[in-house]
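Let me begin by presenting the structure, written as C-alpha cells, before commenting on it.
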Amino acid sequence: MISSDLWQANQDLIIACLEHPFVQGIAQGTLPRNCFAFYVGQDAFFLRSFARAYSIAAAKTPDWEGFQLFHSLANGVLEELQLHQNYAQIWEINLQTIQPGVATRRYTEFLLATAWSRDIGAIAAAMTPCMRLYAFLGQKLAQPEIPNHQYTDWIKTYSGDEFEQLTQQLEDLTNRYSVDESQAHTIYRYGMLCEQEFFQSAWEQNKP
C-alpha cells in the first residue's frame, strides 16, 4: 500500500513532530497559552484551505464513490473547525481577522496549488500527512490514558475513532488514485515538512 510506504518513509519527521516542544507541551498541559492561541488561529485559517482542497478533489474525482468520500472528508474538517471555534470563544480569539503566518501561507498555497493543478492521486498525497500525523499524535498523547488539563479536548479529538476513520478514508483514496510513486513520495514529504514548520511557528510565539 502506497500510504503505508509513505508513512514509513517519513518516520524521521514524524518522530520529530511527536518530540517537538509544542506537541509535548500539549501532552503535558504546559504549553504557553499564547502559543496555543496563535496555533488555533493559524490552524483555523489552514483548515479552511484544507476543506477547499477536498472540494476541488471531489470535483476532479472520476467515480461517484470517490466524490462522496472527499465530500465526507470535507464535512469532517467543518466539525474540526468547530473545536477551534470553541477555543476561540473561550480565549476571545477573532478567527475572522486572522492573518496567516509564513508557515501557514506556505502550507496552504502548496495544498491549493496541488489541488488546482495536479491529479487526484497527487492531491490525496498532499493532504494525507496532516490527517495521519494528527491521528498518530492524538493516539500517542492519549496513552496510557487521556490526561485532564487545558488541552484535553485537543487530545480527545485527534485520538478518537471518528478522526481515525476519516484518516483511513483519505489513505484509501491515496492508495486508489496514486499512480506515480515518486511524485507521491515528494509531495507527501513536503506536506510533512510543512507540518513540522507549522508546530515550530506556533512554538516560536513564546520567544521574547
Side-chain angles (χ1 to χ4, degrees), residues 1-28 30-32 35-36 38-40 42-47 49-50 53-54 57 73 76-77 80 100-115 118 121-143 151 154-155 157-160 163-164 166-175 177-178 180-207:
M1 292 286 195
I2 182 64
S3 62
S4 296
D5 293 342
L6 294 170
W7 179 252
Q8 292 302 320
N10 288 277
Q11 287 298 302
D12 58 331
L13 295 178
I14 293 160
I15 298 305
C17 286
L18 175 62
E19 296 177 349
H20 194 281
F22 176 86
V23 174
Q24 288 302 305
I26 290 179
Q28 298 159 18
T30 57
L31 181 70
C35 291
F36 193 73
F38 177 84
Y39 161 83
V40 167
Q42 295 299 303
D43 203 41
F45 184 95
F46 166 81
L47 287 172
S49 296
F50 206 66
Y54 273 142
L73 287 162
V77 175
E80 192 177 348
V102 174
T104 306
R105 180 67 73 185
R106 183 181 295 120
Y107 201 174
T108 55
E109 288 179 353
F110 158 67
L111 283 177
L112 291 174
T114 301
R118 309 297 282 270
I123 300 170
M127 302 183 77
T128 301
C130 176
M131 294 291 288
R132 176 44 69 195
L133 179 65
Y134 270 66
F136 169 78
L137 295 177
Q139 291 163 22
K140 283 290 188 181
L141 269 53
Q143 297 173 357
Y151 303 124
W154 191 97
I155 298 173
T157 295
Y158 296 115
S159 64
F163 193 80
E164 173 62 25
L166 291 171
T167 301
Q168 289 180 11
Q169 287 178 350
L170 181 54
E171 288 181 329
D172 288 344
L173 289 165
T174 301
N175 294 331
Y177 295 116
S178 291
D180 186 329
E181 289 197 16
S182 177
Q183 170 186 261
H185 276 276
T186 299
I187 291 172
Y188 191 101
R189 186 162 184 84
Y190 187 81
M192 199 63 76
L193 283 166
C194 286
E195 288 292 338
Q196 185 182 33
E197 289 182 356
F198 200 83
F199 292 143
Q200 180 63 24
S201 68
W203 176 247
E204 288 176 352
Q205 299 310 303
N206 199 44
K207 291 183 179 179

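None of the values given here were measured: they were computed from a predicted structure.
- Looking at every heavy atom in both residues, Asn206 comes nearest to Cys35 through CB-SG, 3.3 Å.
- Residues Leu31 and Trp203 form a side-chain contact, since some pair of their non-hydrogen atoms from C-beta on lies under 4.5 Å apart.
- The nearest pair of heavy atoms linking Ala27 to Leu141 is CB-CG, 3.5 Å.
- Between the side chain of Glu195 and the backbone N or O of Gly191, no donor-acceptor pair lies under 3.5 Å.
- Annotation for Ala122 and Ile187: closest pair CB-CD1, 3.6 Å, computed over non-hydrogen atoms.
- In this structure, Tyr107 OH and Phe50 CZ are separated by 6.5 Å, a value rounded to the nearest 0.5 Å.
- Applying the side chain to side chain donor-acceptor pair (under 3.5 Å) rule to Glu181 yields no partners; only residues at least two apart in sequence or on another chain are considered.
- Under the 3.5 Å distance criterion, the side-chain polar atoms of Gln205 are matched with a main-chain donor or acceptor of Ser201.
- The shortest distance between side-chain heavy atoms of Arg189 and Asp12 falls below 4.5 Å.
- No side-chain heavy atom of Tyr54 sits less than 4.5 Å from a side-chain heavy atom of Ile123.
- The two residues Gln143 and Gln139 make their nearest non-hydrogen contact at CG-O, 3.2 Å.
- Considering all non-hydrogen atoms of both residues, Val23 and Cys17 come closest at CG2-O, 3.2 Å.
- With hydrogens and angles disregarded, no donor-acceptor distance shorter than 3.5 Å links the side chain of Asn175 to the backbone of Met1.
- Counting all heavy atoms, side chain and backbone alike, Gly76 lies closest to Leu166 at CA-CD1, 3.9 Å.
- Without hydrogens or angle criteria, Tyr151 side chain to Gln28 main chain gives no donor-acceptor distance under 3.5 Å.
- Evaluation of the side chain to side chain donor-acceptor pair (under 3.5 Å) rule for Gln200 yields His20, Glu204 as partners, not counting sequence neighbours.
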Does the pair Gln183 and Thr186 meet the rule for a side chain to side chain contact (heavy atoms under 4.5 Å, CB included), with working shown? CA-CA 5 Å; Gln183 170 186 261; Thr186 299; 5.9 Å; no

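- With Gln42 contributing its side chain and Phe198 its backbone, the two residues share no donor-acceptor pair below 3.5 Å.
- Under the 4.5 Å side-chain criterion, counting only non-hydrogen atoms from C-beta, Gln8 is not in contact with Asp5.
- Ion pairing between Asp180 and Arg118 fails under the 4.0 Å rule for side-chain N and carboxylate O.
- Here OG of Ser3 is found 7.5 Å from CG of Asp172. Values are rounded to the nearest 0.5 Å.
- Atoms OG1 and CG, from Thr108 and Leu47 in turn, are 11.0 Å apart once rounded to the nearest 0.5 Å.
- Rounded to the nearest 0.5 Å, atoms CZ (Arg106) and CG (Leu193) are 10.0 Å apart.
- Within the 4.5 Å cutoff, no side-chain heavy atoms of Tyr158 are placed close to those of Phe136.
- Two residues are said to be in side-chain contact when any heavy atoms from C-beta on lie closer than 4.5 Å; His185 and Ile2 meet this criterion.
- A distance of 12.5 Å separates CZ of Phe110 from OG of Ser49, quoted to the nearest 0.5 Å.
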Please list every donor-acceptor pair under 3.5 Å in which a side-chain atom of residues 126-135 meets a protein atom from a residue at least two apart or in another chain.
from: Thr128; atom 1: OG1; to: Ala124; atom 2: O; distance (Å): 2.6
from: Thr128; atom 1: OG1; to: Thr174; atom 2: OG1; distance (Å): 2.8
from: Arg132; atom 1: NE; to: Glu171; atom 2: OE2; distance (Å): 2.9
from: Arg132; atom 1: NH1; to: Glu164; atom 2: OE1; distance (Å): 2.9
from: Arg132; atom 1: NH2; to: Glu164; atom 2: OE2; distance (Å): 3.1
from: Arg132; atom 1: NH2; to: Glu171; atom 2: OE1; distance (Å): 3.1
from: Tyr134; atom 1: OH; to: Tyr39; atom 2: OH; distance (Å): 3.0

I'd like to know whether Gln24 forms a side chain to side chain contact (heavy atoms under 4.5 Å, CB included) with Leu18, so could you lay out the CA-CA distance, the side-chain angles of the two residues, the decisive distance to 0.1 Å, and finally the verdict. CA-CA 7 Å; Gln24 288 302 305; Leu18 175 62; 4.2 Å; yes

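- By the 4.5 Å heavy-atom criterion applied to side chains, Leu137 and Phe199 are counted as neighbours.
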